[in-house]
Amino acid sequence: MAASGARRPLLLLLLAAGLAHGASALFVVKDNNGTACIMANFSASFWTIYETGQGSKNSTIELPPSAEVLNSSSSCGRGNASESILTVAFGSGYLLTLNFTRNATRYRVQHMRFTYNLSDTQHFLNASAKGGTSVVIPHLERRVEDWPFQEPHEGLLGIHSVDSITDIKADINKTYRCLSPTKVHMGNVTITLHDVTIQAYLSSSNFSKEETHCTQDGPSPTPVPPSPSPPLVPTNPTVAKYNVTGKNGTCLLASMALQLNITYLKKDSNTTVTRMFNISPNDTFNGTCATSVVALRVGNNSTVLQLKFGMNATSSLFFLQEVQLNMTLPDAKDPSFHASNSSLRALQATIGNSYKCNTEEHIFVSQAFSLNVFSIQIQAFKVESGRFGSVEECVQDGNNMLIPIAVGGALAGLVLIVLIAYLIGRKRSHAGYQTI
């Protein structure tokens, strides 16, 4: 299967434009007859959270002008109904893969995958071999000559991969066009595409003049009723169960309901609003287990919430030490919302025991974001047989128990006073009679 790289004259013109987020590049996939089946023109940045021995760090990688189509991984499929693939390679072991599917009327980028190299010290300084999903790429061993970048053999153990479904779709024989930034969240990675022009299943060797525009760019030609804004105060979230397992077994077990409390500036009215968003039990989750840090990531295409638990070996306690949130808010002036705090000490219990709290808890993360936690039971690091250990209840639940105890004590005292008064009154009434 043949494929061509970026068209050099157009690429040089785009580089001369010097967009702040990096110049766009044109990628073309061709079949055996030299006929183009996929054309894509965009620039991209990759924001990644990774682990080090000192905790989490983040890195931003820009798609370089040297990026090219990877011949051995790109394909026009077998017939119009089959899956077509565009794979772009760059740097020391980086791949961006777009998997296209179609039906009778529309085509879409069904999945997007990003493969990155934690052994690349230029972007991942002091990275440890944690986070992501380790993969071995067959093409690295069989067709290294197809890679337009440094040979990644020494870094194979550092190759990781994440993926996600996307909302990139267009009508058949039309070009997908999106001037607004397009964000795709993949667990610990957020990909941002800029100035996107894509067309798959081409009927000619050029982009169609007819276009399907992304929703971010504004209303489509056919009026569509606007989706309702999320309620300011939704109903309480539903309890979900989470577990994180490593090579030594389960390192985190949790049952809890989570709610995001976010304050932001609306783009239309420039007014500040505070809204709450519930984390759904249907959202995907994953995590990592390490000696001193346990991480849980929960999210969907627009939201990624990460909770990190640390430990104090001296006092044998575990606790929530860090919260990170990356979220897209369509009605915000700045749709990309980020917040983090790595100096927390919440949800604390003895290692081997579980922390439990039925009372709603509010964990302050930043001025614009707090995490509301409901009906939580959680245990980190040491989890025996996949079950919760002895329960350590939160102070709030203990205080709530004092109220019925106090009321009960007061009622008992009142009954005792009435009884004593009755007995005294009865004794006095008997003393008032004389024996005849």
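All values reported here derive from a predicted model rather than from experimental measurement.
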Residues D163, H111; criterion side chain to side chain donor-acceptor pair (under 3.5 Å); working and verdict: CA-CA 7 Å; D163 61 31; H111 281 92; 5.8 Å; no
Closest contact, heavy atoms only, F381 versus G310: CE1-O, 3.3 Å
K267 side chain vs P330 backbone, donor-acceptor pair below 3.5 Å: yes
Side-chain H-bond candidate by donor/acceptor type, T182 with H194, under 3.5 Å: no
Nearest heavy-atom neighbours spanning F319 and N312: CE2-N, 4.0 Å
Basic-acidic side-chain contact under 4.0 Å: R108, D171: no
Exercise: identify the closest heavy-atom pair between F207 and A40: CZ-N, 4.1 Å
Donor-acceptor contact present, side-chain T166 to main-chain V109, <3.5 Å: yes
Candidates Y50, W47, Y116 - the one meeting side chain to side chain contact (heavy atoms under 4.5 Å, CB included) with V189: Y116
M112 side chain near M186 side chain, heavy-atom distance below 4.5 Å: yes
Distance, nearest 0.5 Å, that separates CZ of F100 from SG of C76: 11.0 Å
Check: S208 main-chain N/O paired with Q199 side-chain donor or acceptor under 3.5 Å: yes
Any side-chain heavy-atom pair of L179 and Q216 under 4.5 Å: no
Close side-chain approach of N58 to T48, heavy-atom, < 4.5 Å: no
Residue pair Y201 / C37, side-chain heavy-atom distance below 4.5 Å: no
Exam field: side chain N341 to backbone E322, donor-acceptor pair closer than 3.5 Å: no
Side chain proximity check, L307 to L252, heavy atoms < 4.5 angstrom: no
Pairs satisfying side-chain hydrogen bond (donor to acceptor under 3.5 Å, both in side chains), at least one member in residues 366-380, at least two apart: Q259-N372, S354-Q377, H362-N372
Steps toward ring-ring contact (aromatic ring centres under 6.0 Å, His included) verdict (F364, F369): CA-CA 7 Å; F364 178 85; F369 169 52; 9.3 Å; no
Rounded distance [0.5 Å steps], CE in M327 versus CG in L305: 10.0 Å
Shortest non-hydrogen contact between C394 and Y355, atoms and distance: CB-OH, 3.2 Å
Main-chain N/O of G299 paired to T284 side chain as donor or acceptor, under 3.5 Å: yes
Audit row: Q324, R297, side chain to side chain contact (heavy atoms under 4.5 Å, CB included) steps and yes/no: CA-CA 9 Å; Q324 294 181 0; R297 298 184 191 92; over 6 Å; no
OG-CZ distance between S164 and F114, expressed to the nearest 0.5 angstrom: 14.0 Å
Positive for side chain to side chain contact (heavy atoms under 4.5 Å, CB included) with L98, one of I198, I85, T87: I198
Rounded distance [0.5 Å steps], OG1 in T212 versus CD1 in I168: 13.0 Å
K382 and its side chain to side chain contact (heavy atoms under 4.5 Å, CB included) partner, picked from I351, T350, T250: I351
Side chain to side chain contact (heavy atoms under 4.5 Å, CB included) between L329 and F277, intermediate numbers included: CA-CA 11 Å; L329 299 168; F277 303 86; 3.8 Å; yes
Donor-acceptor contact below 3.5 Å, side chain T175 vs main chain R177: no
Verdict with supporting geometry, V28 and V69, side chain to side chain contact (heavy atoms under 4.5 Å, CB included): CA-CA 7 Å; V28 182; V69 173; 5.8 Å; no
With sequence neighbours excluded, residues passing salt bridge (charged side-chain N to carboxylate O under 4.0 Å, His left out) with K183: none
Any donor-acceptor pair under 3.5 Å from N117 side chain to S92 backbone: yes
Donor-acceptor contact present, side-chain N278 to main-chain T235, <3.5 Å: yes
Heavy-atom side-chain contact between R113 and S161 under 4.5 Å: yes
SG on C357 to CD on E393, rounded to 0.5 Å: 8.5 Å
Heavy-atom check, side chain of I378 versus side chain of L253, under 4.5 Å: no
Nearest-0.5 Å distance that lies between atom OG1 in T303 and atom CZ in F337: 10.5 Å
From CA spacing to verdict: side chain to side chain contact (heavy atoms under 4.5 Å, CB included), T238, S280: CA-CA 7 Å; T238 304; S280 169; over 6 Å; no
T35 side-chain N/O to D31 backbone N/O, donor-acceptor pair under 3.5 Å: no
Residue that, paired with F46, satisfies ring-ring contact (aromatic ring centres under 6.0 Å, His included) out of F124, F90, Y94: F90
N300 and S302: side chain donor to acceptor below 3.5 Å: yes
Any donor-acceptor pair under 3.5 Å from S59 side chain to H123 backbone: yes
Nearest atoms (heavy-atom pairs only) where D217 meets S180: OD1-OG, 2.6 Å
E392 and N353 side chains, donor-acceptor separation under 3.5 Å: yes
Contact summary for V244 and A295, nearest pair of heavy atoms: CG2-O, 3.8 Å
Close side-chain approach of V298 to Y242, heavy-atom, < 4.5 Å: yes
